[in-house]
J.: 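Take this structure first; my questions come after.
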Amino acid sequence: MYNNNNPRKEVGENCTLELPGDGGETPVSNVSYTEEANTSEVQYTDSFAQSIAVTGVTYSGSFEIPGNATETREIGWDDGSEGTTLPKYVPQMTIVDGQDNAYVFSNVLFNSHNKDIPSDDRTTQSFDFMAEELIEE
């Protein structure tokens, strides 16, 4: 009756992040992303009913890295040499889950960075991102 009800481990200890220039894969402890349709209501059609037109798709999400994430931050944020630290575009970011499914985001902007330093546990850093395109491989 429920043929596709097989449990799958998609995100977990084997989930990794690949960024250009970081020299390989970085283990991540949590990943989430959202695909959202951008819409517009069209009022002038041949019918009296309003239609909804899709004008684009927005991709956003977050990931968390346990421990030191200095290299990842340096890839996605300017060094602040001119007095202001600004995010910079990353041409491609790939997230590989525990089943070796790759989610390739292009033209990525890290729009938020958070570092949590608890006194009795490991430091974690999380990044929120926006992207222009997603290709699932």
Side-chain angles (χ1 to χ4, degrees):
M1 181 174 191
Y2 297 101
N3 293 336
N4 352 344
N5 200 12
N6 296 329
R8 285 181 43 159
K9 177 181 173 185
E10 291 190 5
V11 176
E13 62 191 51
N14 296 326
C15 191
T16 59
L17 173 72
E18 299 172 6
L19 292 168
D22 73 345
E25 299 177 345
T26 302
V28 292
S29 58
N30 190 18
V31 174
S32 67
Y33 73 90
T34 302
E35 296 175 286
E36 185 175 347
N38 302 326
T39 61
S40 177
E41 293 182 7
V42 179
Q43 296 178 345
Y44 303 105
T45 62
D46 292 340
S47 71
F48 289 110
Q50 289 184 337
S51 299
I52 298 174
V54 177
T55 58
V57 178
T58 301
Y59 300 96
S60 62
S62 64
F63 58 90
E64 182 179 81
I65 297 175
N68 189 345
T70 303
E71 290 180 19
T72 303
R73 187 190 178 283
E74 289 175 355
I75 291 170
W77 288 81
D78 196 4
D79 63 2
S81 61
E82 300 195 18
T84 304
T85 304
L86 296 173
K88 58 185 176 183
Y89 282 97
V90 177
Q92 184 172 308
M93 178 180 80
T94 305
I95 296 171
V96 181
D97 67 17
Q99 295 291 315
D100 290 328
N101 298 315
Y103 303 90
V104 181
F105 294 91
S106 64
N107 214 13
V108 178
L109 184 68
F110 295 163
N111 56 340
S112 175
H113 169 242
N114 180 38
K115 185 170 185 174
D116 185 24
I117 309 171
S119 61
D120 60 348
D121 202 357
R122 186 190 315 191
T123 297
T124 59
Q125 295 187 54
S126 59
F127 296 83
D128 294 331
F129 68 89
M130 298 171 18
E132 288 186 5
E133 186 177 19
L134 167 63
I135 303 165
E136 293 184 41
E137 295 181 349

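Along the sequence shown, residues carry numbers from 1. The shown structure was predicted, so the numbers you read here are calculated from the model rather than taken from an experiment.
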J.: Check for me, please, whether V104 and Y89 land in the same ILVMFWY cluster - side-chain distances under 4.5 Å, paths through other members count.
T.: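 No, V104 does not connect to Y89 through the hydrophobic network.
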
J.: Could you measure the distance from the OG1 atom of T39 to the CD1 atom of I52? Nearest 0.5 Å is fine.
T.: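 Rounded to the nearest 0.5 Å, the OG1-CD1 separation comes to 6.0 Å.
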
J.: Are S62 and S126 close enough, and set up right, to give a side chain to side chain contact (heavy atoms under 4.5 Å, CB included), and what steps lead you there?
T.: CA-CA 7 Å; S62 64; S126 59; 5.8 Å; no

J.: Under 3.5 Å, is there a donor-acceptor pair linking the side chains of Q92 and S106?
T.: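 No - no donor-acceptor pair under 3.5 Å links their side chains.
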
J.: Using the ring pair (Phe, Tyr, Trp, His ring centres under 6.0 Å) definition, which of the options Y59, F105, F127 pairs with Y33?
T.: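 Exactly one pass, corresponding to F105.
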
J.: For A102 versus T94, what's the shortest heavy-atom pair and its separation?
T.: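 In this case the closest contact between A102 and T94 is CB-CG2, 4.1 Å.
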
J.: Looking only at atom types and distance, does a side-chain atom of T55 sit under 3.5 Å from a main-chain N or O of N38, one as donor and one as acceptor?
T.: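 Pair found, side chain donor or acceptor close to backbone of N38.
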
J.: Quick one: do V31 and Y103 satisfy side chain to side chain contact (heavy atoms under 4.5 Å, CB included)? Show the steps, please.
T.: CA-CA 11 Å; V31 174; Y103 303 90; over 6 Å; no

J.: Closest heavy-atom contact between V90 and P20?
T.: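 Looks like CG1-CD, 3.9 Å.
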
J.: Could you tell me the separation between the CD atom of E25 and the OG1 atom of T16, rounded to the nearest 0.5 Å?
T.: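 Between atom CD of E25 and atom OG1 of T16 there are 4.0 Å.
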
J.: For a side chain to side chain contact (heavy atoms under 4.5 Å, CB included) check, start with the C-alpha distance between Q125 and H113, then their side-chain angles and the critical distance, and finish with the verdict.
T.: CA-CA 7 Å; Q125 295 187 54; H113 169 242; 2.7 Å; yes

J.: Do N107 and E132 have side-chain N/O donor and acceptor atoms under 3.5 Å apart?
T.: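 Per modelled atom types, N107 and E132 side chains form a pair under 3.5 Å.
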
J.: Before giving the answer on side chain to side chain donor-acceptor pair (under 3.5 Å), spell out for T58 and E36 the whole-Å C-alpha distance, their side-chain angles and the decisive distance to 0.1 Å.
T.: CA-CA 5 Å; T58 301; E36 185 175 347; over 6 Å; no

J.: Starting at OG of S32, measure out to CD of E64 and round the result to the nearest 0.5 Å.
T.: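 If we round to the nearest 0.5 Å, S32:OG and E64:CD are 10.0 Å apart.
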
J.: Aromatic contact between F110 and F129, with the criterion being ring centroids under 6.0 Å apart: yes or no?
T.: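 No, the ring of F110 stays outside the 6.0 Å limit from the ring of F129, centre to centre.
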
J.: Under 3.5 Å, is there a donor-acceptor pair between the T34 and S60 side chains?
T.: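 S60 and T34 do not have a side-chain donor-acceptor pair below 3.5 Å.
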
J.: Are I75 and M93 connected into the same hydrophobic cluster when the rule is that any two of I, L, V, M, F, W, Y join if their side-chain heavy atoms are below 4.5 Å apart?
T.: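 Result: yes, single cluster for both.
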
J.: Please report the closest heavy-atom contact between I95 and C15, naming both atoms and the distance.
T.: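 In terms of heavy atoms, the two residues are closest at CG2-SG, 3.9 Å.
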
J.: Is any side-chain heavy atom of K115 closer than 4.5 Å to one of T123?
T.: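 They are in contact (side-chain heavy atoms under 4.5 Å apart), so the answer is yes.
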
J.: Checking side chain to side chain contact (heavy atoms under 4.5 Å, CB included) for the pair L19/L17: CA distance, chi angles, key distance, verdict?
T.: CA-CA 7 Å; L19 292 168; L17 173 72; 4.0 Å; yes

J.: Do you know which two heavy atoms are closest between V108 and A131, and how far apart they sit?
T.: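 That closest heavy-atom pairing would be CG2-CB, 4.0 Å.
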
J.: If you take all heavy atoms of L109 and P87, which pair is closest and at what distance?
T.: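 The answer is CD1-CB, 3.7 Å.
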
